[in-house]
Peer 1: 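So that we are looking at the same thing, I have put the structure below in structure tokens.
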Amino acid sequence: MTTELADNVRKYRRRAGMSQEELAHSAGVSPGTVRKVEQGGTVRMETLHTLARALRVTTATLLAPDAPQPVGRGEDPNRLNLIQLRAALTPPVGLAESDGERAEEEPNLRRFRRAVHDGAVLYHSDSYRSVASQLPALLHDANAAVAHFDHGEEHHQALLARAEAMQLAGRYLTQVRQYDLAYTALSHAITDARRTGDTLTAASGVIGMCWLLLRQGRLEEAEQLAAQTADVIEPRLSRATPDECAAWGWLALRAAAAAGRNNRPQEARQYHRVAATAAAAVGREHTGSFFRHWTTFGPLTVGMKSVEDAMVLGDARTVVRKSAQDAMSPKAWKHTGRPSDDNWNRHRLDVARAHARTGDLTGAMDELAGVRHASPEWLRHQRMAAETMQEILKKRKRTLTADMREMADHLGVVG
């Protein structure tokens, strides 16, 4: 954490007339944690949320404008093939005229879009190395197609194809915490989609951009962007398509996530009501354009996100209680439809964290083990998984089980 954050916490604590011990008591943390923050030490974002609530300010108020959100283990850029991907996204610019990356032969747009779709399949199956290895060539081909088809309907289709490729790059780069490159890719995706007039594809890029901003801790910007875009695309529900409802609902969920994390619970509830309205219009989990909007959407997704927000507020008992309801279990999927794997896995991490908080270490390990079995590579990139494992190791009074040691090793957590 930066000295700016330490100064802000100290300033608002004194403005509230609190001692360090009083702030710790109000926030439900140890006095040592408050001292650590005010001395410039590193703490979890979740801890900042609790301190901000106790001080009656937003989390963004405590954070310096450009303070980076702490990240977990770094990845080797060479292993992730980011050198070539960086070159594809950020080519050098000089004074000499350039014809761009024109294709030697006429590009086959249908074949190219199929390749992008295959890349999305790999992404959703957590095959991140395969995605990283294919993206540089995909982006090169996308640029070449746009340069080759420089007018008319084919130019329109080439721009849409490049928007899809850029969105794949942006989602992948956000997942592996390469945020600056992710921003570049998502910006290009939104710009290309807007140029074609395809509002839903552009909105899908904005949903990805909001996820990136949330991961960076840019909460006010994420809420504002999601809310403004939701206003622009708000459909007339009596004749809206499921795709339109899904995009509108996901923007409301992104706004709710940002508001909740920024200690604006009333606004978060309002956004959740909008998302629930969109989900009711869809009726069940909508999967028809999964690779266009990158996730499913429906009543179950909205329910899982309300559980996530309860965990952000530190209400672990509510998370455990809600997650035990039949409506939140796979048994209900035949009626509600199946959620996306990413959202279901994220939900299970919230439940694991809640079990750890309430002292049910066995329940927490069961959830982590289930997610690892389903998506081992995805799990490695989730900070919440590592933090939950650290909490389990800290609370465990007896010798660690073999499963605990193996999970800690998989997540790179040192006991």
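Just so you know, these numbers use all the heavy atoms, side chains as well, and skip hydrogens, waters and symmetry mates.
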Peer 1: For the CG atom of Leu48 and the CG atom of Leu5, what is their distance to the nearest 0.5 Å?
Peer 2: 5.5 Å
Peer 1: For Leu379 and Leu368, work out which heavy atoms get closest and say how close.
Peer 2: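 Residues Leu379 and Leu368, closest heavy atoms: CD2-O, 4.0 Å.
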Peer 1: Do the non-hydrogen side-chain atoms of Tyr12 and Leu51 ever get within less than 4.5 Å of each other?
Peer 2: no
Peer 1: Mark yes or no for whether Thr277, through its side chain, and Arg273, through its backbone, hold a donor-acceptor pair below 3.5 Å.
Peer 2: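 Confirmed, Thr277 side chain pairs with Arg273 backbone.
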Peer 1: Within the side chain of Ser375, is there an N or O that forms a donor-acceptor pair under 3.5 Å with the backbone of Val371?
Peer 2: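 No: the side chain of Ser375 does not pair with the backbone of Val371.
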Peer 1: Identify the heavy atoms of Leu393 and Val413 that sit nearest to each other, and give their distance.
Peer 2: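 The pair with the smallest heavy-atom distance is CD1-CG1, 3.7 Å.
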Peer 1: Test side-chain contact (heavy atoms from CB on, under 4.5 Å) on Glu244 and Arg236; report intermediate values, then the result.
Peer 2: CA-CA 9 Å; Glu244 291 170 336; Arg236 182 174 296 179; over 6 Å; no
Peer 1: Go through it in stages, so that I can follow the logic: the residues are His355 and Asp366, the test is side-chain hydrogen bond (donor to acceptor under 3.5 Å, both in side chains), and I'd like the CA-CA distance, side-chain angles, deciding distance and then a yes or no.
Peer 2: CA-CA 10 Å; His355 280 311; Asp366 286 346; over 6 Å; no
Peer 1: Between Tyr271 and Leu253, is the side-chain contact (heavy atoms from CB on, under 4.5 Å) condition met? List the steps.
Peer 2: CA-CA 7 Å; Tyr271 294 130; Leu253 287 178; over 6 Å; no
Peer 1: When you measure from the side chain of Thr296 to the backbone N and O of Pro339, does any donor-acceptor pair fall under 3.5 Å?
Peer 2: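 Not at all, since once roles are kept as given, no pair shorter than 3.5 Å links the two residues.
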Peer 1: Assess whether atom CZ of Arg113 is packed by more than 12 heavy atoms of other residues, nucleotides or ligands within 6.0 Å.
Peer 2: yes
Peer 1: When you check the gap from the basic side-chain N to the acidic O, do Glu223 and Arg264 get nearer than 4.0 Å?
Peer 2: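 Salt bridge: yes.
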Peer 1: Thinking salt bridges, do Asp309 and Lys305 make one under a 4.0 Å N-O criterion?
Peer 2: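 No.
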Peer 1: Minimum heavy-atom separation for Met18 and Ala54, please, with both atom names.
Peer 2: CE-O, 3.7 Å
Peer 1: Can a donor-acceptor pair be found, under 3.5 Å and without considering hydrogens, that links the side chain of Lys395 to the backbone of Gly359?
Peer 2: no
Peer 1: Run the salt bridge (charged side-chain N to carboxylate O under 4.0 Å, His left out) check on Asp350 and Arg346 step by step: do they pass?
Peer 2: CA-CA 6 Å; Asp350 286 320; Arg346 165 64 203 224; 3.3 Å; yes
Peer 1: Is the backbone of Val320 close enough, under 3.5 Å, to the side chain of Ser323 for a donor and an acceptor to pair up by distance?
Peer 2: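 Present.
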Peer 1: Check this for me: does any side-chain nitrogen of one of Glu308 and Arg261 sit under 4.0 Å from a carboxylate oxygen of the other?
Peer 2: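 Salt bridge flag = yes for Arg261 with Glu308.
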Peer 1: Start with the C-alpha distance between Gln224 and Gln228, add both sets of side-chain angles, then the distance that settles side-chain contact (heavy atoms from CB on, under 4.5 Å), and finish with yes or no.
Peer 2: CA-CA 6 Å; Gln224 184 178 41; Gln228 288 177 343; 3.5 Å; yes
Peer 1: Flag the pair Arg353 and Glu387 as a salt bridge only when some basic side-chain nitrogen lies within less than 4.0 angstrom of an acidic carboxylate oxygen.
Peer 2: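 So Arg353 pairs with Glu387 through a salt bridge.
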Peer 1: Distance from Met209 atom CE to Thr174 atom OG1, nearest 0.5 Å?
Peer 2: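 Here the interatomic distance stands at 8.5 Å.
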Peer 1: As a test of understanding, state which of Leu411, Thr388, Leu349 forms a side-chain contact (heavy atoms from CB on, under 4.5 Å) with Gln382.
Peer 2: Leu349
Peer 1: Check for a donor-acceptor pair, side chain of Asn263 on one end and backbone N or O of Thr58 on the other, with a separation under 3.5 Å.
Peer 2: no
Peer 1: Are side-chain N/O atoms of Thr196 and His156 paired as donor and acceptor at under 3.5 Å?
Peer 2: no
Peer 1: Are more than 12 heavy atoms, taken from residues, nucleotides or ligands other than Glu153, located less than 6.0 Å from that residue's CD atom?
Peer 2: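 Yes, CD of Glu153 has more than 12 neighbouring heavy atoms, counting only those of other groups under 6.0 Å.
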Peer 1: Passes side-chain contact (heavy atoms from CB on, under 4.5 Å), Met304 versus Trp344? Steps please.
Peer 2: CA-CA 8 Å; Met304 289 188 298; Trp344 181 246; 3.5 Å; yes
Peer 1: I need the minimum non-hydrogen distance between Ala202 and Arg194, along with the two atoms involved.
Peer 2: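 Nearest pair, atom of Ala202 first, then Arg194: CB-CG, 3.9 Å.
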Peer 1: Pairing donors with acceptors under 3.5 angstrom, does anything connect the side chains of Ser30 and Thr33?
Peer 2: yes
Peer 1: Does Asp360 form a salt bridge (charged side-chain N to carboxylate O under 4.0 Å, His left out) with Arg357? I'd like the steps, not just the answer.
Peer 2: CA-CA 8 Å; Asp360 182 3; Arg357 286 290 167 84; over 6 Å; no
Peer 1: In Å, rounded to the nearest 0.5 Å, how long is the span from CG of Leu212 to OH of Tyr179?
Peer 2: 7.5 Å
Peer 1: Going by distance alone, is a donor N or O of one side chain under 3.5 Å from an acceptor N or O of the other, for Gln167 and Ser204?
Peer 2: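 A pair is found: one side chain offers a donor N or O, the other an acceptor, under 3.5 Å apart.
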Peer 1: Which value, rounded to the nearest 0.5 Å, describes the distance between Arg13 atom CZ and Leu62 atom CG?
Peer 2: 12.5 Å
Peer 1: Within the distance-only criterion (no hydrogens, no angle test), does the side chain of Ser133 pair as donor or acceptor with the backbone N or O of Ser130 below 3.5 angstrom?
Peer 2: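 Yes, the answer is positive, given that a donor and an acceptor are paired below the 3.5 Å cut-off.
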Peer 1: Please report the shortest heavy-atom distance between Cys245 and Ala278, naming the atom on each side.
Peer 2: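 Cys245 and Ala278 have their closest heavy atoms at O-CB, 3.5 Å.
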Peer 1: Surrounding NE2 of His25 (heavy atoms of other residues, nucleotides or ligands, distance under 6.0 Å), is the total greater than 12?
Peer 2: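 No, because the 6.0 Å sphere around NE2 of His25 holds 12 heavy atoms or fewer from other groups.
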Peer 1: Within the supplied structure, the quantity of interest is the number of heavy atoms (other residues, nucleotides, ligands) at a distance under 6.0 Å from Arg396 CZ; does it exceed 12?
Peer 2: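 Yes, because the 6.0 Å sphere around CZ of Arg396 holds more than 12 heavy atoms from other groups.
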Peer 1: If we ignore hydrogens and angles and just use 3.5 Å, is the side chain of Glu285 paired with the main-chain N or O of Thr301 as donor and acceptor?
Peer 2: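 Side chain of Glu285 to backbone of Thr301, a donor-acceptor pair under 3.5 Å: yes, one is there.
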Peer 1: Does the distance from a Lys or Arg side-chain N to an Asp or Glu carboxylate O, for Arg380 and Glu377, drop under 4.0 Å?
Peer 2: yes
Peer 1: Using the ring of each side chain (for Trp, its six-membered ring), is Tyr128 parallel, tilted or perpendicular to Tyr172, with breaks at 30° and 60°?
Peer 2: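 Answer is tilted, since the angle falls between 30° and 60°.
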Peer 1: Checking side-chain hydrogen bond (donor to acceptor under 3.5 Å, both in side chains) against Gln20, which of Arg10, Arg35, Glu38 comes through?
Peer 2: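 Only one option passes, and that is Glu38.
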Peer 1: List the steps, then state whether side-chain hydrogen bond (donor to acceptor under 3.5 Å, both in side chains) holds for Arg171 with Gln175.
Peer 2: CA-CA 6 Å; Arg171 298 277 182 155; Gln175 183 66 266; over 6 Å; no
Peer 1: State the CG-CZ distance between Asp341 and Arg348, to the nearest 0.5 angstrom.
Peer 2: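 The distance works out to 10.5 Å.
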Peer 1: Run the side chain to side chain contact (heavy atoms under 4.5 Å, CB included) test against Thr336 and tell me which residues pass, sequence neighbours left out.
Peer 2: Leu300, Ala332, Trp333
Peer 1: Quick one: does Glu367's side chain have a donor or acceptor within less than 3.5 Å of a partner on Gly363's backbone?
Peer 2: no
Peer 1: Testing the basics here: between Ala226 and Arg254, what is the closest heavy-atom pair and its distance to 0.1 Å?
Peer 2: CB-CB, 4.0 Å
Peer 1: Applying the side-chain contact (heavy atoms from CB on, under 4.5 Å) test to Arg177, which of Arg215, Gln216, His381 qualifies?
Peer 2: Arg215
Peer 1: Would you mind checking if Asp198 and Arg195 are paired as a salt bridge, meaning a charged N to carboxylate O distance below 4.0 Å?
Peer 2: no
Peer 1: Does any N or O in the side chain of Asn262 come within less than 3.5 Å of the main-chain N or O of Ala258, such that one atom is a donor and the other an acceptor?
Peer 2: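 No, Asn262 side chain to Ala258 backbone: no donor-acceptor pair under 3.5 Å.
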Peer 1: To the nearest 0.5 Å, what is the distance between CZ on Arg398 and CG on Leu361?
Peer 2: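 If I round to the nearest 0.5 Å, the distance is 9.0 Å.
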